[in-house]
Structure formats: structure tokens, C-alpha cells
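The first residue in the sequence is number 1, and the count goes up from there. If you're wondering where the values come from, they're calculated on a predicted model, not measured in any experiment.
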Amino acid sequence: RVDYNEGVLIVHCPNLGHEILPELFDVMRHAEKSYPKKYHDSTITQGGSTTIALAAGSKSPDFSLYEVKESSGQAQQGTSGIPTVAFEVGYYGEGEKKLALDAGRLICLSKGMIQLAATIDIDHEKEKDGIRKLKSVIWTHWEMDPGYPRIVKGNDTYELNKLLPERNGNVMTDTEKVQPTPDAYRAVVSFAKTPYWVRAQKSNTYKVSNPVILRIQSADFKDLELFPDQGVKSIPILYRHLFRDPQEKDRKNPAFTFQTVDIMATIHSHETIQREINGKNKKTQRDVDSFEGALLATLKKRRSD
């Protein structure tokens with residue numbers, strides 16, 4: 001993943017936890033619960049982690065969805081290279097502050113062309129034996145504040161394309177103390193050479209803590225760590241998130257929904273593989289030799305068959 005921000009180029013090597021979205025969408029597609037294949041003259045294309053050019057710098061999200069229109073007018077051409085929905089996953093201690101900043105950048109510095117930034121904070125805790133255990137999953141939606149853009153006034157002080165964190169409606173200016181996670185970001189960006197304020201804000205948070213073990217009657221999944229029943233059974237993505245110009249009657253309706261059982265089953269499968277990777281890294285040379293000896297015997301038997 002590539003992240004170019006304020007003159008600094010950061011190249012990330014994502015671990016397995018960042019790759020949950022492709023598998024989750026695959027699960028939904030097989031269950032015929034994914035996004036609509038067609039909506040009037042629009043279709044949705046998965047953009048994966050394609051790098052997005054922003055008003056300042058660029059960003060590779062962990063996953064993205066693009067609206068593709070059959071018509072090719074100039075207005076559509078100007079937005080076709082920007083997804084409508086972007087996803088960011090925080091895994092193994094990346095934390096909600098980084099995810100909030102990522103979401104603020106995606107919304108503000110795309111000038112609102114990214115209509116929804118969904119952040120997924122997968123948090124862990126260490127048990128006595130040092131093994132990481134899933135602690136909580138917090139799924140948050142960020143959108144452009146509907147009261148924006150606002151034209152810059154003559155007495156406003158600003159630096160173009162610079163994000164300002166907010167908490168409870170106030171800009172956070174105290175840099176001497178440890179600050180809580182911002183719940184909004186504002187910035188000034190240029191629209192047709194005229195400066196405007198834009199503002200990204202949290203619109204919904206789906207918080208889960210203390211996962212529980214449930215027994216599922218399935219050959220594929222057993223003893224899964226799932227959401228406790230707190231009434232959060234699905235997370236909707238609305239038509240106004242997915243499409244730039246939905247019909248008024250559709251704007252507030254779900255275009256599709258993520259089922260929390262599917263989310264946690266996908267995370268669980270990745271957790272299992274990650275634990276195996278972590279365990280392999282801690283094996284002694286004797287363990288490795290024993291494993292590779294058994295592997296060699298299996299390959300030789302396969303060759304003789």
C-alpha cells in the first residue's frame with residue numbers, strides 16, 4: 001500500500017488482517033447478498049487497493065468500490081477515477097487514531113467524491129501465554145458533513161489542504177497533551193480555484209466488545225468468535241454512499257448490507273491463519289526440520305503415485 005502525505009512517502013506491507021474485505025465480498029457474492037450489479041446506467045466495480053490521487057498526496061485504501069456509468073459526459077469522467085466507497089482496516093495495534101486520520105483524508109482531500117469511508121478497527125489483547133486474542137471490532141462510517149462545502153470567509157485563517165482535527169465540534173489545538181481520537185476533520189480545498197471548507201464526520205459507529213464463542217452447525221465454521229447479541233446484526237451501505245446520483249426515493253435505503261456473522265466468520269478465518277504464521281515464526285530449527293522432513297516424505301509419495 002502507498003501513502004503519500006505532506007511530502008512523506010510511506011510504503012506499507014499489509015499483513016493478512018488487511019485482506020479481509022476481498023474474502024468478505026466473495027462470501028456475500030456467493031450468498032447473492034452483495035452490492036447491486038446494476039442501477040440504472042451505473043455498475044459497481046471493485047477497485048481493491050488502487051492508489052487514489054487526493055488534493056494533496058495520495059492514498060491506497062485497503063479496499064474500494066467504484067461507480068462506472070455507461071454515459072461518458074465530462075462530469076462523469078472527472079469522477080470515474082475516484083471510488084465512491086473506501087475501506088480501511090486497522091489490525092494488530094494500528095489504532096483508531098490512524099484510521100480516523102485516514103478517513104478524514106479520504107473524505108476531505110477527495111473533495112467529497114469518496115462518499116463513504118468505512119474504517120474497521122480489529123483490536124487484540126495478549127493472553128498470559130503471549131498469544132493475541134481478538135478483543136473487539138469497531139466498524140465506523142465517515143461521510144462529508146451535509147452542511148459543507150462552505151466558502152472561505154475573508155477573516156478565516158487556513159492552510160490549503162491541511163487537515164484540522166475536531167472533537168465535539170471544536171478544533172483540537174493543544175499539541176502538548178495526549179488527545180482523544182478526533183470525531184471529525186475539516187480542511188480548506190479548492191473548487192474551481194475558489195477555497196472552500198470541507199468537513200468529514202463520523203456518521204455511524206458499530207461497536208463490538210468481548211466476542212463470545214458460539215457453536216455453529218456447519219462443517220466449515222465451528223466455535224467462532226462472534227458478535228454478542230447487542231442488536232447489531234447488519235451494517236448497511238446506502239444508495240447515497242454507493243452511487244453519486246441515486247433517485248431521491250432510494251438515497252436513504254440500503255443498497256446492500258454486511259451481515260455481522262459474515263464479518264466475524266471472515267475475520268476468524270484470517271485470525272486462524274495469522275496465528276499459524278506467528279507460531280511458525282517461533283518454531284525452533286528442530287521443529288522446522290521435523291516438519292520439512294514430513295513434507296518431503298509426502299511429496300515423494302505423491303510423485304510415486
Exercise. Do M264 and V137 pass the side-chain contact (heavy atoms from CB on, under 4.5 Å) test, and can you show the C-alpha distance, the side-chain angles, and the key distance before you say yes or no?
Worked result: CA-CA 9 Å; M264 295 307 291; V137 177; 3.8 Å; yes

For this session: Check the pair Y196 / Y158 against ring pair (Phe, Tyr, Trp, His ring centres under 6.0 Å), numbers first and verdict last.
Result: CA-CA 10 Å; Y196 281 82; Y158 67 91; over 10 Å; no

For this session: Before giving the answer on side-chain contact (heavy atoms from CB on, under 4.5 Å), spell out for R244 and M113 the whole-Å C-alpha distance, their side-chain angles and the decisive distance to 0.1 Å.
Result: CA-CA 8 Å; R244 300 199 187 281; M113 287 190 286; 3.9 Å; yes

Problem set entry | Evaluation steps, side-chain hydrogen bond (donor to acceptor under 3.5 Å, both in side chains), between E23 and S269 | CA-CA 10 Å; E23 182 178 338; S269 69; 3.2 Å; yes

Exercise. Are Y185 and V198 close enough, and set up right, to give a side-chain contact (heavy atoms from CB on, under 4.5 Å), and what steps lead you there?
Worked result: CA-CA 8 Å; Y185 282 91; V198 291; over 6 Å; no

Problem set entry | Intermediate values then yes/no, side-chain contact (heavy atoms from CB on, under 4.5 Å), F63 and Q46 | CA-CA 8 Å; F63 200 79; Q46 295 183 11; 3.3 Å; yes

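Under a 4.0 Å N-O distance rule, the pair K38/E70 qualifies as a salt bridge. A salt bridge links E88 with K59: at least one charged nitrogen is closer than 4.0 Å to a carboxylate oxygen. We find that E67 and K69 are joined by a salt bridge, their nearest charged nitrogen and carboxylate oxygen being less than 4.0 Å apart. Salt bridge status for R29 with D26: present, with a side-chain N to carboxylate O gap under 4.0 Å.
Counting only residues at least two apart or in different chains, salt bridge (charged side-chain N to carboxylate O under 4.0 Å, His left out) contacts with residues 181-196 comprise E166-R186.
Heavy atoms only, all atoms of each residue included: L109 and N161 are closest at CD2-O, 3.8 Å. Residues P36 and A255 come closest through the heavy atom pair CD-O, 3.5 Å. Closest of all the heavy-atom pairs between F25 and S34 is CD2-OG, 3.8 Å. Of all the heavy atoms in P165 and L163, the pair that sits closest is CD-O, 3.9 Å. The two residues P236 and T257 come nearest to each other via the heavy atoms CA-CG2, 3.8 Å.
When the shell of 6.0 Å around NZ of K37 is examined, it contains 12 or fewer heavy atoms from other residues, nucleotides or ligands.
Neither side chain, S58 nor T51, offers a donor N or O lying under 3.5 Å from an acceptor on the other. Checked by atom type, the side-chain pair Y148/Q201 shows no donor-acceptor distance below 3.5 Å. Side-chain polar atoms of W197 and D156 form a donor-acceptor pair below 3.5 angstrom.
In terms of modelled atom types and a separation under 3.5 Å, the side chain of D250 and the main chain of Y239 share no donor-acceptor contact.
Put simply, the residue from I82, L242, T84, I107 that forms a side-chain contact (heavy atoms from CB on, under 4.5 Å) with Q115 is T84.
Between F258 and Y206, a ring centre-to-centre spacing not shorter than 6.0 Å is recorded.
The aromatic rings of H241 and H141 stand perpendicular to each other, their planes meeting at an angle above 60°, with 30° marking the opposite boundary.
E143 is linked by a salt bridge (charged side-chain N to carboxylate O under 4.0 Å, His left out) to R240, counting only residues two or more places apart in sequence or in another chain.
When side chains are defined from C-beta on, I237 counts as touching L116, because their heavy atoms get closer than 4.5 Å.
Expressed to the nearest 0.5 Å, how far CH2 of W142 lies from CG of N204 amounts to 12.5 Å. Expressed to the nearest 0.5 Å, how far CG of L99 lies from CG of D121 amounts to 5.5 Å.
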